[in-house]
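The structure displayed is predicted, hence computed values, not measured ones.
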Amino acid sequence: MFRRRIPLDLVSAFGRAELYRSVGTADSRVAAVRARFLAGACDALFQRARKLVGSGQPLGHSEISFLAELELPSPDRWPSLQAVIQGLNAPSAPTRVPARPIPPARPASQAKLPLKQSIDAYLSQISVKPATRTRYRTVLDRLVSHFGASCDLATLNQDKFVGFADMVNADAALAIKTKQVTITAAATFINWHASRNSAIPHVTSASLKPKRLAPSWSDRADFSLEDMAAIFKRASANRRQAPHEFWVTIGCALTGCRLEELAQLHVPTDLKQHPSGIWYLDLNERPDPDSIVRKSLKKLSSWRVVPIHPLLVELGFVEFLQAAACSETERPFSSHWAPHGALTPEGAASRADIKWSHKISKWGGSRLKELRKANAVASDTATYFHSMRHTFITTLAKAGVPEALRAALTGHDNGGINGQIYTKFKDDPTSTYDALVTGASELAATLRFAL
């Protein structure tokens, strides 16, 4: 099989990236002769094609089908290259030799697919959350920076994509996870278009992404109980003047919730009390009473109910939340930290592009810097809120809480069919309440001591 890559400046004109032609023989000597002949013919074809494209003319049938219809020479009969060139304009087609079918050229209406325009079309049609769409936009902007906004998407073949991946991997400012996400998202975008347009080549990213050097759980360190004591003490010191700082800190620490999960609670509907008397949080993505969705969970397994630790109830967390239900947005902390984004989506969209924890997270980063500066916290790789979640999980594990119950409390996948469907730990606060009280007893004792 003879195979020749079409020059990048002619890919759009031919509507594909490569030419194929069977050499029609199993004799290696004859095959070598014919391959050299076809290589020369391709050079002549590309020279002719450039003249046509340069003059504004489209390629005709004689150019598109030239290689497939070209008569292959026998070893004892070698036509001159000049005859090949003249054959491009010959009125009658030479004898057709069976060859691999060549896909049709790209329609004139699809002659060029600018990269920036292709990204806009992709992001407007995929079904993802607004925050995810924004993240994809940031990733795909790296493609635009690398290739240019007007780059024809049809020219982004595997070779050029490898160059892009090499550029991403060489960027020392990017974390390994960011590099993996960037390369994967870029390939997904190109292949999304390729599955809808045969003129666009598919690409693969499997071997281009950098390998992790450490397990994912090591990305963020957890806090020691000594660290947590310092965090609780600092939060308690300003409890009366800044109760929101106190409650967001101990709320995340003793529920195991992600910060966004806690901050986005629609208190009137998500704070509940079980007939047994247990107060709990219902974490979900259900719409607000006005039918607009303003909540976002990481994945489907994150939907769950989380019992509120009795120490939090004792200290007044339920009353704090009930008071927050009277705020304009009916969220726990929005009166002190305004949400990032719009409360009402544009047009007829049913989901708002909003982040309730954006400013809270920045505050947590500043608080952690203060604690480090005072030498109150030892870890230099921890993050204020998410590392508390790691601490919560680690504490439960050390206390012997089974993995299925830990997953039910924290919203992780676990247990396959048995864990997700039959036991229903994530739907019943009474099934995880004892595990919470027992598993988080050391954290609760640390908090009580710091008050």
Is a side-chain donor or acceptor of [X] paired with a backbone partner of [Y] at a separation under 3.5 angstrom?
{"X": "Thr184", "Y": "Val181", "result": "no"}
{"X": "Arg389", "Y": "Gly256", "result": "yes"}
{"X": "His274", "Y": "Thr430", "result": "no"}
{"X": "Asp159", "Y": "Val162", "result": "no"}
{"X": "Asn169", "Y": "Leu208", "result": "yes"}
{"X": "Asp227", "Y": "Ser224", "result": "yes"}

Mind checking the [atom1]-[atom2] spacing from [X] to [Y]? Nearest 0.5 Å is all I need.
{"X": "Arg406", "Y": "Thr395", "atom1": "CZ", "atom2": "OG1", "result": "11.0 Å"}
{"X": "Leu451", "Y": "Leu311", "atom1": "CG", "atom2": "CG", "result": "7.0 Å"}
{"X": "Glu403", "Y": "Leu396", "atom1": "CD", "atom2": "CG", "result": "12.0 Å"}
{"X": "His358", "Y": "Ile360", "atom1": "NE2", "atom2": "CD1", "result": "11.0 Å"}
{"X": "Leu113", "Y": "Ser150", "atom1": "CG", "atom2": "OG", "result": "12.5 Å"}
{"X": "Lys426", "Y": "Thr410", "atom1": "NZ", "atom2": "OG1", "result": "7.5 Å"}

*For the pair Lys373 and Glu370, find out whether any cationic side-chain nitrogen is under 4.0 Å from an anionic carboxylate oxygen.*
no
*Between Phe2 and Leu19, does a side-chain contact (heavy atoms from CB on, under 4.5 Å) hold up when you go through it step by step?*
CA-CA 8 Å; Phe2 173 81; Leu19 295 175; 5.8 Å; no
*asked:* Quick one about Asp141 and Thr138 (side-chain donor to acceptor, distance below 3.5 Å, no hydrogens or angles considered), yes or no?
replied: no
*Would you kindly say whether Thr269 and Arg286 are connected by a side-chain donor-acceptor distance under 3.5 Å?*
no
_Would you call the rings of Trp192 and Tyr122 parallel, tilted or perpendicular, taking 30° and 60° as the class edges?_
perpendicular
_Parallel, tilted or perpendicular, as decided by the 30° and 60° cut-offs, for the rings of Phe161 and Phe164_ = tilted
Answer whether the closest heavy-atom distance between the side chains of [X] and [Y] falls below 4.5 Å.
{"X": "Met167", "Y": "Asp171", "answer": "no"}
{"X": "Pro287", "Y": "Ile292", "answer": "no"}
{"X": "Pro210", "Y": "Ile183", "answer": "yes"}
{"X": "Asn191", "Y": "Thr204", "answer": "no"}
{"X": "Tyr280", "Y": "Tyr433", "answer": "no"}
{"X": "Arg4", "Y": "Glu18", "answer": "no"}
{"X": "Ser357", "Y": "Leu262", "answer": "no"}
{"X": "Pro7", "Y": "Arg50", "answer": "yes"}

At their closest point, which heavy atom of [X] faces which heavy atom of [Y], and how far apart are they?
{"X": "Thr249", "Y": "Trp363", "answer": "OG1-CH2, 3.8 Å"}
{"X": "Gly411", "Y": "Arg258", "answer": "O-NH2, 4.4 Å"}
{"X": "Ala154", "Y": "Pro201", "answer": "O-CD, 3.4 Å"}
{"X": "Ala450", "Y": "Phe232", "answer": "CB-CB, 3.6 Å"}
{"X": "Thr155", "Y": "Asp152", "answer": "OG1-O, 2.6 Å"}
{"X": "Ala185", "Y": "Leu140", "answer": "O-CD2, 4.0 Å"}

Got a sec: does the [atom1] of [X] have more than 12 other heavy atoms crowding it under 6.0 Å?
{"X": "Lys272", "atom1": "NZ", "result": "yes"}
{"X": "Gln117", "atom1": "CD", "result": "no"}
{"X": "Glu319", "atom1": "CD", "result": "yes"}
{"X": "Gln241", "atom1": "CD", "result": "yes"}
{"X": "Lys233", "atom1": "NZ", "result": "no"}

*Let me know which of Asp270, Leu265, Val305 forms a side chain to side chain contact (heavy atoms under 4.5 Å, CB included) with Asn284.*
Asp270
*For Glu285, which of Gln264, Arg351, Arg294, Lys295 qualifies under side-chain hydrogen bond (donor to acceptor under 3.5 Å, both in side chains)?*
Arg351
With a 3.5 Å cut-off and sequence neighbours excluded, list the donor-acceptor pairs that the side chains of residues 434-449 form with protein atoms.
unit_1 : atom_1 : unit_2 : atom_2 : d
Thr438 : OG1    : Asp434 : O      : 3.0
Ser441 : OG     : Thr438 : O      : 3.1
Thr446 : OG1    : Glu442 : O      : 2.8
Arg448 : NH1    : Glu314 : OE2    : 3.2
Arg448 : NH2    : Glu314 : OE1    : 3.1

*asked:* Please determine whether side-chain contact (heavy atoms from CB on, under 4.5 Å) holds for the pair Phe317 and Ile250, giving the CA-CA distance in whole Å, both sets of side-chain angles, and the decisive distance to 0.1 Å.
replied: CA-CA 9 Å; Phe317 189 44; Ile250 69 169; 5.9 Å; no
*Check the pair Trp337, Glu245 against side-chain contact (heavy atoms from CB on, under 4.5 Å), reporting the backbone distance first and the verdict last.*
CA-CA 10 Å; Trp337 290 293; Glu245 296 179 2; 4.0 Å; yes
*Verify side-chain contact (heavy atoms from CB on, under 4.5 Å) between Ile119 and Arg137, making sure each step is shown before the conclusion.*
CA-CA 8 Å; Ile119 290 174; Arg137 169 76 68 181; 3.8 Å; yes
*asked:* Under the rule for ring-ring contact (aromatic ring centres under 6.0 Å, His included), what residues qualify as partners of Phe223, not counting sequence neighbours?
replied: none
